[in-house]
Amino acid sequence: MVKSKSKLNFLAMHCPKCQSTKIIKYGHTHYGKLRFRCLDCGRQFVENPSTDPIDQATRAMIDKMLLERLALAAIACGTLRDRNNYRCFRKMVTDVC
């Protein structure tokens with residue numbers, strides 16, 4: 001008996017980075033939410049994120065505080081309204097530095 005190769009089932013959603021529709025399921029986050037991956041750009045994302053991205057005004061303020069050499073914990077306490085955004089902030093800082 002010969003098994004046929006299964007075709008990829010693309011989901012009816014768009015990648016937040018490149019707007020492609022070639023999206024596949026890519027496991028779960030450690031919180032149990034479904035994770036997806038774009039086959040065109042490789043971006044991984046969840047459908048309804050619980051945290052909002054950091055806006056441009058807050059990013060500009062963080063950049064100024066980094067130039068003044070403030071501690072990362074002080075910057076996070078002074079600028080982030082949601083404690084869950086701290087992970088996003090840490091990722092942004094490590095990408096910049």
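The model shown is predicted, which means the values in this text are computed figures rather than measured ones.
Between I23 and C15, the closest side-chain pair of non-hydrogen atoms falls below 4.5 Å. For the pair L34/Y26, no side-chain contact is recorded, criterion being any heavy-atom separation below 4.5 Å from C-beta on. Taking 4.5 Å as the limit, some side-chain heavy atom of I62 sits within range of a side-chain heavy atom of L66. At a threshold of 4.5 Å between non-hydrogen side-chain atoms, the residues M13 and E47 count as touching. Inter-residue side-chain proximity for R43 and C18 is flagged as unmet; no heavy-atom pair is nearer than 4.5 Å.
Rounding to the nearest 0.5 Å gives a distance of 11.0 Å between CD1 of I24 and CZ of R35. In this structure, F45 CZ and R37 CZ are separated by 11.0 Å, a value rounded to the nearest 0.5 Å. Of the inter-residue distances, the one linking Q19 atom CD with C41 atom SG reads 9.5 Å to the nearest 0.5 angstrom.
Side chain of K22 to main chain of H14: no donor-acceptor pair is present (N/O by atom type, distance under 3.5 Å, no hydrogens or angles).
For K64, there are no side chain to side chain contact (heavy atoms under 4.5 Å, CB included) partners at least two apart in sequence or on another chain. With sequence neighbours excluded, no residue forms a side chain to side chain donor-acceptor pair (under 3.5 Å) with T29.
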